[in-house]
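The chains referred to below are lettered A, B, ... by the order of the sequence lines, with proteins before strands, and numbering in each begins at 1.
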Number of protein chains: 2
Amino acid sequence: MDVTGIGHACIDTIGLVPHLPALDEVLVMDATTRQGGGPVAQALVTLQRLGKKTAFHARLGDDTIAQEIRTGLEAEGVDCTHLLRDPGHVSNTSIILVDRATGKRSICAHRGDYHPIAPADLDLDALCAAPILHLDGHAPEAALHAAREARCRGRIVSMDAGHARDDLIPLAAAATLLIASEKFAMFATGTGDETAWGPTLRAMGPSTVVVTRGERGSLTWTADDHFVTPAFPVDVVDTTGAGDVFHGGYLYAVLEGRSPRECATIASAVAAMKCRSLGGRAGIPMLPALSRFLGDHGFTLERPPCGDFCGDE
Amino acid sequence: MDVTGIGHACIDTIGLVPHLPALDEVLVMDATTRQGGGPVAQALVTLQRLGKKTAFHARLGDDTIAQEIRTGLEAEGVDCTHLLRDPGHVSNTSIILVDRATGKRSICAHRGDYHPIAPADLDLDALCAAPILHLDGHAPEAALHAAREARCRGRIVSMDAGHARDDLIPLAAAATLLIASEKFAMFATGTGDETAWGPTLRAMGPSTVVVTRGERGSLTWTADDHFVTPAFPVDVVDTTGAGDVFHGGYLYAVLEGRSPRECATIASAVAAMKCRSLGGRAGIPMLPALSRFLGDHGFTLERPPCGDFCGDE
């Protein structure tokens, strides 16, 4: 096992529309799709497509949505042995409309009413069997419990902090690798001054902090480095899940022994490739496609990690 | 077999929302559901729930949507022996947002690219094996061919004319029973004057014409009668498919030998009951529930068709 994850999973129904509809309007969508979503779920799928072995630890409802989530993950090879069900409860699902002109999204979310996985439900040995534990703030009590245990056992604890939520702060602090949205960085540090984000967030606990800024690229702070990694320019169809798969790409690179600069570049490439397709899952690349994409942009995934790709190391 | 149908079938993903979302907005839906839709498909499901035997004649794509449509119809008992597939093509699906305050809908439709069933595909003997053939303007060429044959063989040809479309006019003319929306009535007659609709539409061919007007009830014209049937007052959650199931309820009543006034009342009750649930299919009643609903409103389905219920005959 390479990466285990505790997190959010859902099913998204996505429509690409010429404009957002008005009441009583009937419009024709350019395209539509129905795909699995959720930050950790998407990150694990990304890792699988890049050749890594992952396992998803969570609880869902016990409806058809839960079955669809599980089937989708299993089809990608994600180990769902620890995917539990909450009898009589419904799972998470969303309707997402993507505006053709801007690629901007309107999300209508339906929250499941199931009980998220609890500390007592966790199989800590299974969770810590991999070198990396990945979290997204779902089931925060269980996630914090697992994060502390994994950290004690010397594992990398990776946290996807996407939202401005109080309960993500202790989780971010328990992580060794924090990859956060601008929104979270601003919320947790109390400042819009980007230069302050890294030092403040690193002082909370994580040794490496990355803040993703969409098309403006990412910022990384490590113990001895701070750098900006640009986003790859692509024709954006849909940004749904771009952040989720950034994490998957990043953890893939970590597992490959890449430097923080290489990790951020690989993650950025995976996120850019995803944005070329409608839906969170469809555009996630397999390893050969990622390798070609990087090659087309003057990078190479060939070992040893030096030369052009890591020339800035 | 009681009713055969050629028509439209799709899968609707429906969300009940506090308001329509803006770009970049994330809102929480009150509820969401995914159900089969399409005028003829819903009418056949209604007939099945009321105890009648139906068969659906159509072509779909050959995607997972097509499988979902078929599974949904078969679960209701609709005979899908004549439900064809078009290899390599996609089926129809919609995203529908229902506004909580008004019950009004925004429909984002994705049209399949499959070839609709053609005259050469039709099994006319199977289509005419039932006393009623029901159409909705899907596959107009095949529908017209079947309508003319069924009429020659003395069958009732029932037409659901929902849209203001030129190609529905010959179909409406070939029908013996035309149940149309206000929109179609206005379009086909060229006037907003309700009193002119019945005589003009009857002069085209159908012996009975019904125009549905939502909460304002329906108008019926027969050879020797003209009357208004009020809608039943209910707490409306979602009007999706109300017109479709009106047809199913109407044809059920025709099969039971009811008078036109009774047919319109029973159809109106079925449509009202549907509007109490989210989605086109969930609220369609079974016969005992319909019977109770009518009883609660002072009507009875007991034979003989006279007394209170048909007191106005």
Side-chain angles (χ1 to χ4, degrees), chain A residues 10-35 37 61 63-65 67-68 71-72 75 90-113 162-165 181 183 214 239-240 278, chain B residues 10-35 37 61 63-65 67-68 71-72 75 90-113 162-165 181 183 214 239-240 278:
Chain A
C10 64
I11 295 290
D12 297 331
T13 298
I14 303 168
L16 185 64
V17 292
H19 57 265
L20 292 183
L23 275 187
D24 272 337
E25 182 177 358
V26 179
L27 62 78
V28 175
M29 296 190 281
D30 297 338
T32 184
T33 182
R34 183 172 168 96
Q35 296 174 19
D63 47 0
T64 56
I65 300 291
Q67 189 50 53
E68 202 173 340
T71 303
V90 302
S91 306
N92 296 316
T93 179
S94 290
I95 293 174
I96 302 177
L97 298 181
V98 180
D99 179 55
R100 181 209 295 163
T102 61
K104 287 190 180 177
R105 293 165 297 153
S106 297
I107 302 181
C108 303
H110 189 243
R111 308 235 185 282
D113 62 359
H163 297 284
R165 263 172 43 197
S181 67
K183 211 184 296 175
T239 59
T240 304
L278 188 65
Chain B
C10 64
I11 294 289
D12 298 330
T13 298
I14 303 167
L16 185 65
V17 293
H19 57 266
L20 291 183
L23 277 185
D24 273 338
E25 182 177 358
V26 179
L27 62 77
V28 175
M29 295 191 281
D30 296 338
T32 184
T33 182
R34 183 172 168 94
Q35 295 173 21
D63 48 0
T64 55
I65 301 289
Q67 189 51 54
E68 202 173 339
T71 303
V90 303
S91 307
N92 296 316
T93 177
S94 291
I95 293 175
I96 302 177
L97 298 181
V98 180
D99 179 54
R100 181 207 297 162
T102 63
K104 289 190 178 175
R105 294 166 296 153
S106 298
I107 302 182
C108 304
H110 188 245
R111 308 236 185 282
D113 62 359
H163 299 285
R165 265 171 43 197
S181 68
K183 211 184 295 173
T239 60
T240 304
L278 188 66

A/Leu97 vs B/Leu97 side-chain heavy atoms within contact, under 4.5 Å: yes
Heavy-atom side-chain contact between A/Arg34 and B/Thr13 under 4.5 Å: yes
Does any backbone or side-chain atom of [X] lie under 4.5 Å from a heavy atom of chain A? Answer side chain, backbone, both or neither.
{"X": "B/Thr64", "result": "neither"}
{"X": "B/Leu20", "result": "side chain"}
{"X": "B/Leu16", "result": "neither"}
{"X": "B/Val28", "result": "both"}

A/Ser106 side-chain N/O to B/Ala22 backbone N/O, donor-acceptor pair under 3.5 Å: yes
Greatest number of heavy atom pairs closer than 4.5 Å to chain A - which of B/Thr102, B/Val98, B/Leu27, B/Ile65: B/Leu27
Pairwise distance [atom1]([X]) to [atom2]([Y]) - rounded to 0.5 angstrom:
{"X": "B/Asn92", "Y": "A/Thr32", "atom1": "CG", "atom2": "OG1", "value": "11.5 Å"}
{"X": "A/Met29", "Y": "B/Ile107", "atom1": "CE", "atom2": "CD1", "value": "10.5 Å"}
{"X": "A/Arg105", "Y": "B/Leu23", "atom1": "CZ", "atom2": "CG", "value": "11.0 Å"}

Among A/Ser94, A/Pro21, A/Gly15, residue most engaged with chain B (heavy-atom pairs, under 4.5 Å): A/Pro21
